[in-house]
Amino acid sequence: QVQVVESGGGLVQPGGSLRLSCAASASIFTMNTMGWYRQAPGKQRELVATITSGGITNYAFSVKGRFTISRDNVKNTVYLQMNSLKPEDTAIYYCNIYNVGVNYWGRGTQVTVSS
């Protein structure tokens with residue numbers, strides 16, 4: 001099966017930046033939709049951003065203009081560049097890859113935004 005591994009999380013001050021990476025163990029980005037989700041303590045998991053195999057992106061309203069999702073087919077990796085981070089962005093961030101009805105999930109990476 002396809003392995004999905006997130007990295008790049010950590011502690012950052014409000015207004016700071018962070019880049020998350022999601023590496024897949026197979027070359028599946030030509031036919032997939034890749035996405036980032038997050039879950040804060042006591043809250044439901046929510047969609048952050050998605051990108052299709054054709055490069056079409058969608059963002060949650062709360063992160064639009066601050067976050068950018070991108071992909072690298074050579075490295076089989078999807079990225080989430082996060083700028084102007086706010087305390088409410090604090091959550092575990094999960095990578096998702098969807099293809100023909102099958103979902104692949106990573107185990108998540110913690111992002112904490114605090115002074």
Side-chain angles (χ1 to χ4, degrees):
Q1 298 287 69
V2 178
Q3 300 293 118
V4 181
V5 181
E6 304 98 332
S7 62
L11 175 64
V12 65
Q13 295 279 346
S17 297
L18 214 56
R19 188 171 81 156
L20 306 183
S21 298
C22 172
S25 63
S27 182
I28 59 174
F29 288 87
T30 57
M31 61 181 71
N32 295 333
T33 296
M34 294 80 71
W36 287 94
Y37 293 73
R38 67 186 182 187
Q39 187 168 24
K43 299 184 67 178
Q44 296 271 47
R45 183 179 297 187
E46 64 177 351
L47 173 69
V48 176
T50 61
I51 184 168
T52 69
S53 59
I56 305 300
T57 59
N58 283 283
Y59 297 91
F61 182 81
S62 61
V63 307
K64 190 175 182 180
R66 300 188 297 121
F67 292 9
T68 302
I69 188 170
S70 61
R71 61 185 174 90
D72 187 328
N73 290 330
V74 175
K75 296 181 178 180
N76 297 320
T77 301
V78 61
Y79 303 96
L80 184 68
Q81 178 66 47
M82 304 184 293
N83 299 325
S84 302
L85 283 162
K86 305 174 180 180
E88 51 262 45
D89 295 319
T90 296
I92 300 175
Y93 284 70
Y94 298 91
C95 181
N96 171 260
I97 302 176
Y98 175 83
N99 184 58
V100 196
V102 179
N103 280 286
Y104 304 96
W105 290 93
R107 293 186 177 183
T109 184
Q110 177 71 48
V111 172
T112 302
V113 185
S114 179
S115 298

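The structure displayed is predicted, hence computed values, not measured ones. One-based numbering along the sequence shown.
Within the model, atoms CG of N76 and CD of Q3 stand 13.5 Å from one another, a figure rounded to the nearest 0.5 Å. Atom SG of C22 is separated from atom CG of N96 by 8.5 Å, given to the nearest 0.5 angstrom. One finds the OH atom of Y37 at 5.0 Å from the CG atom of L47 (value rounded to the nearest 0.5 Å). Interatomic distance, D72 CG to T77 OG1, rounded to the nearest 0.5 Å: 6.5 Å.
Between P87 and S114 there is no side-chain heavy-atom pair separated by less than 4.5 Å. Annotation: side chain of N32 is not in contact with side chain of Y104 (no heavy-atom distance under 4.5 Å). Proximity of T33 to S53: side-chain heavy atoms (C-beta onward) are nowhere separated by under 4.5 Å. Residues R107 and V4 fail the side-chain proximity criterion, which asks for heavy atoms closer than 4.5 Å. Put simply, the side chain of I69 does not reach to within 4.5 Å of the side chain of Y79, judged on heavy atoms. Proximity of M82 to L20: side-chain heavy atoms (C-beta onward) are separated by under 4.5 Å at one or more points. In this structure, the side chains of I56 and I51 stay at 4.5 Å or more apart for every pair of heavy atoms. For the pair L80 and T68, the minimum side-chain heavy-atom distance is 4.5 Å or more.
Between the side chain of E6 and the backbone N or O of G108 there is at least one donor-acceptor pair closer than 3.5 Å. Put simply, the side chain of S21 never gets that close to the backbone of S7: no donor and acceptor are under 3.5 Å apart. Side chain of T112 to main chain of L11: no donor-acceptor pair is present (N/O by atom type, distance under 3.5 Å, no hydrogens or angles).
Remark: R45 qualifies as a cation-pi partner of W105 under the 6.0 Å distance and 45° angle criteria applied to the six-membered ring. Taking the ring axis of Y94 as reference, the NZ or CZ atom of R38 does not stay both within 45° of it and closer than 6.0 Å to the ring centre.
Closest heavy-atom contact between T52 and R71: O-NE, 3.4 Å. Taking both residues in full, the closest heavy atoms of Y59 and F67 are given as CE2-O, 3.3 Å, listed atom of the first, atom of the second, then distance.
Remark: S84 engages no residue in a side chain to side chain donor-acceptor pair (under 3.5 Å) (not counting sequence neighbours).
The hydrophobic cluster containing V12 also contains V48, counting ILVMFWY residues as joined when their side-chain heavy atoms lie under 4.5 angstrom apart, directly or transitively. Cluster membership for L18 and V78, using ILVMFWY side-chain heavy atoms within less than 4.5 angstrom, is shared.
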- [ ] Please report the C-alpha distance between Q13 and S115 in whole Å, then the side-chain angles of each, then the deciding distance to 0.1 Å, and finally whether the side-chain contact (heavy atoms from CB on, under 4.5 Å) criterion is met.
- [x] CA-CA 5 Å; Q13 295 279 346; S115 298; 3.8 Å; yes

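In summary, the side chains of S17 and N83 do present a donor paired with an acceptor at a separation below 3.5 Å, with no hydrogens or angles considered.
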